[in-house]
Visitor: 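Once you've had a glance at the structure underneath, I'll fire off some questions.
All values below come from the heavy atoms of this structure, side chains included, with hydrogens, waters and symmetry mates left out. Atoms within each ligand, like the ligands themselves, are counted from 1 in listed order.
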Amino acid sequence: MELRSGSFVGVHFTLFNVFATCLTYFAVTIALNFLRAPKYPDELPWVGYGKSWSASIKNFFEGFTKCRDWLQDGYKKYHKEGRAFVIPSTLGMSAEVSIPRSQMQWMLDQPDSVLSTGEAHFDTLNGAYAFIDPVLLKDAYHEHVIHKNLARNLNAIIPELVEEVNDDVQEVCGADTQQFKKVNLMDEFLMGIIPKITNRMLVGKSVCRNPEFLKNMMAFTMDVVYGFMFFPLLPRPLHPFLGPIFSLLPKYHYWKGRKYTLPIIKKRLEDMRRKDADDPAYADWKAPNDFISWSIRTAMDEGKTDELKPGRIAMRVCPLNFASIHTTALTAHSALIDILTADPSVVEALREEATRIYNEDGQQWTKNGLARMYKLDSAIRESQRHSTMAMSLISKKVVAKEGVTSPEGIHYPNGCLLTYAWLPVAHDNDVYEKHDTYDPFRFSRDRERFESMTLEEKAGVDVLKLRQSGMVTTGHSHQAFGHGRHACPGRFFVAHELKIMFAYLFMNYEIKPILERPELKWVGRASMPPNVDIEARRRQLG
Ligand code: HEM
């Protein structure tokens, strides 16, 4: 039969062929990936459709929408009995073993040479191709620099954060005291502000406001996300051939962005070397407090010559943008929606707290003042719990050649991926009473009660337990920043950043309440931010 182009039969056949080719391609991909996936011990139960060939095809597609239910099922059926189970591979994510709470400490206690967080990140994020150069994630020196420097320098960078937040919020929300201005919460407000604040800490004021630099950093973070979706659709044997082509994207955005960071890095290297050599011209010079200086100083102290190459430092700014911007924006997005859909008295209480502490501390933000914002701290932490961003936020890969045996007696061979389920814990009534309710002051009530006690009354209180209710204190039941020695080192910065930003917003703007909280939609193992606008009007003060 002759097929005439444009005829019904022709179109029909073409669509059929495309469909059949796609189906064959997916079947081959799933089969090849299935063959090369780590093998999990036979005695482990699986959720979803199980572990057979046909099950993995169903898991692959249906996991897209059903993963959340599978995790909840496994949590109730196995974790409550102290047993681990396997979450099957779904689009973008490999099969992983979910470890029950009773084995959590065992998992965290294993050295990196047995269970490695870095290797798990390298695999999940396609570190071989999606991060400019594989060395960036293979040897994540930027993480070491952040662990070592960020928290200890926070106090010193507060004034910079305050200036950045004030300027950026005003730029987005305007100064009109009459009319409300509508802004899209994610695209205009948070993505207009958070990349600048984060990069102020990473590369300083002159670069963090440069639109071209920001555009390329955002494009880089999206390249990593595209890689996340693209690589699982490719049979693994093709990765070495197509991966280098894909990697042109992140490389391109890095090259475009480094135009702005390289001159600063080179100058900083020279300045710091001259300062160290007691050059009299540098007697009064002080290195700016940012990632560039921390990175240089740490590499100099540790004799890491590779990490002193300007190009390497410029590259390391990229994975840090990836680690910090979307995570912070998603957290802030959920928190603002939760706060603005709560009773209006919640915003009033947060405004009162912020204004009082700001005035008590001489109309400035101090480390101590930010730490005393119990209500705001609690409102954010409660949102991290209530509107959980991802099903699990901890991942480890078995790297010990001989594997490792869990307290349950299960032997995990080399290559297995382990995780700890956060979503079901955050929504377990045994852990959090009324787990379905957003209770903004869930974590601050006891702290405030403590503050109003007499010294005698305070003596009878378990202060350590009280301190654990802060948003930066990770634990078995607060995993929004992970837990253990690889818990997020950026969380102290995030707490400062969000408190300064929300306080500024509530103190200086009226914001219309959001009438109904949009439902959280889950895709695979992550929740998708709903599209929400806020309406803000500058308050007329004094
Ligand atoms: C609200 C915002 C953030 C959230 C929710 C978040 C969440 C997390 C989580 C869950 C982990 C642990 C991953 C694991 O164990 O597998 C992590 C690690 C990390 N985060 Fe964050 N993060 C945030 C912001 C930031 C910021 C602002 C920075 C840096 C400036 C940062 C830098 C890092 C680094 C370097 C690691 C790797 C630590 C290691 O493996 O030792 N994060 N983050």
Side-chain angles (χ1 to χ4, degrees), residues 93 96 99 104 107-108 110-112 115-125 127 131 136-151 153-154 157 161 190 194-203 208 217 221 290-292 294-295 298 316-336 377 380-381 383-385 387-397 417-423 426 471-472 474-475 478-499 501-502 525-527 529:
M93 298 296 288
E96 286 177 322
I99 293 291
M104 170 78 170
M107 180 166 92
L108 295 177
Q110 300 306 307
D112 287 355
L115 286 182
S116 164
T117 298
E119 285 293 326
H121 289 171
F122 187 86
D123 286 1
T124 319
L125 298 172
F131 280 85
L136 287 192
L137 289 204
K138 270 281 167 217
D139 176 11
Y141 197 69
H142 53 280
E143 292 182 359
H144 170 64
V145 172
I146 290 291
H147 271 292
K148 207 167 167 184
N149 295 276
L150 182 54
N153 283 296
L154 262 187
I157 62 174
L161 293 184
L190 295 169
I194 286 169
K196 290 184 189 161
I197 305 175
T198 309
N199 279 293
R200 176 99 182 222
M201 174 269 289
L202 294 175
V203 292
C208 82
M217 281 305 103
T221 65
D290 58 22
F291 172 75
I292 299 177
W294 304 334
S295 202
T298 309
R316 296 226 177 255
V317 171
C318 300
L320 285 173
N321 266 272
F322 173 77
S324 47
I325 293 194
H326 286 99
T327 46
T328 309
L330 288 168
T331 302
H333 192 255
S334 284
L336 274 174
D377 192 283
I380 300 169
R381 175 173 166 168
S383 171
Q384 291 182 298
R385 181 202 70 77
S387 308
T388 327
M389 178 197 289
M391 291 184 198
S392 51
L393 287 157
I394 292 180
S395 46
K396 310 256 180 204
K397 181 176 172 182
L417 292 171
L418 308 188
T419 183
Y420 180 77
W422 157 230
L423 175 82
M471 72 178 272
V472 293
T474 65
H478 177 42
Q479 308 247 337
F481 293 109
H483 186 40
R485 64 183 178 283
H486 289 288
C488 178
R491 64 192 189 278
F492 309 97
F493 173 79
V494 172
H496 276 39
E497 175 185 21
L498 295 187
K499 284 182 191 174
M501 188 203 297
F502 286 11
R525 297 184 197 165
S527 71

Visitor: Listed by chain and number, what are the ring-ring contact (aromatic ring centres under 6.0 Å, His included) partners of Phe322, not counting sequence neighbours?
Guide: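 Partners of Phe322 by the ring-ring contact (aromatic ring centres under 6.0 Å, His included) criterion, ordered by chain and then number, come out as Phe131.
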Visitor: Taking ring-ring contact (aromatic ring centres under 6.0 Å, His included) as the definition, give me every residue that meets it alongside His144, ordered by chain and number, with sequence neighbours left out.
Guide: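 Here the qualifying residues are Tyr141.
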Visitor: Please give the N or O to N or O pairs under 3.5 Å between ligand 1 and the protein, distances rounded to 0.1 Å.
Guide:
residue, atom, partner, partner atom, Å
ligand 1, 16 (O), His121, NE2, 2.8
ligand 1, 16 (O), Ser395, N, 3.3
ligand 1, 40 (O), Glu143, OE1, 3.3
ligand 1, 40 (O), His486, ND1, 3.2
ligand 1, 41 (O), His147, NE2, 2.7
ligand 1, 41 (O), His486, ND1, 2.7

Visitor: Are any of the side-chain nitrogens in Arg485 or Asp112 under 4.0 Å away from the carboxylate oxygens of its partner?
Guide: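 Asp112 and Arg485: salt-bridged.
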Visitor: State which residues pass ring-ring contact (aromatic ring centres under 6.0 Å, His included) with His483; sequence neighbours excluded, sorted by chain then number.
Guide: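 His483: ring-ring contact (aromatic ring centres under 6.0 Å, His included) contacts with His476.
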Visitor: Does the side chain of Thr117 pick up a donor-acceptor pair with the side chain of Lys396 at under 3.5 Å?
Guide: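 Looking only at side-chain atoms, Lys396 and Thr117 do form a donor-acceptor pair, the distance falling under 3.5 Å.
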Visitor: Pick one: which of His147, Lys148, Glu143 meets side-chain contact (heavy atoms from CB on, under 4.5 Å) with Pro489?
Guide: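 So, applying the side-chain contact (heavy atoms from CB on, under 4.5 Å) to Pro489 and each of His147, Lys148, Glu143, only His147 qualifies.
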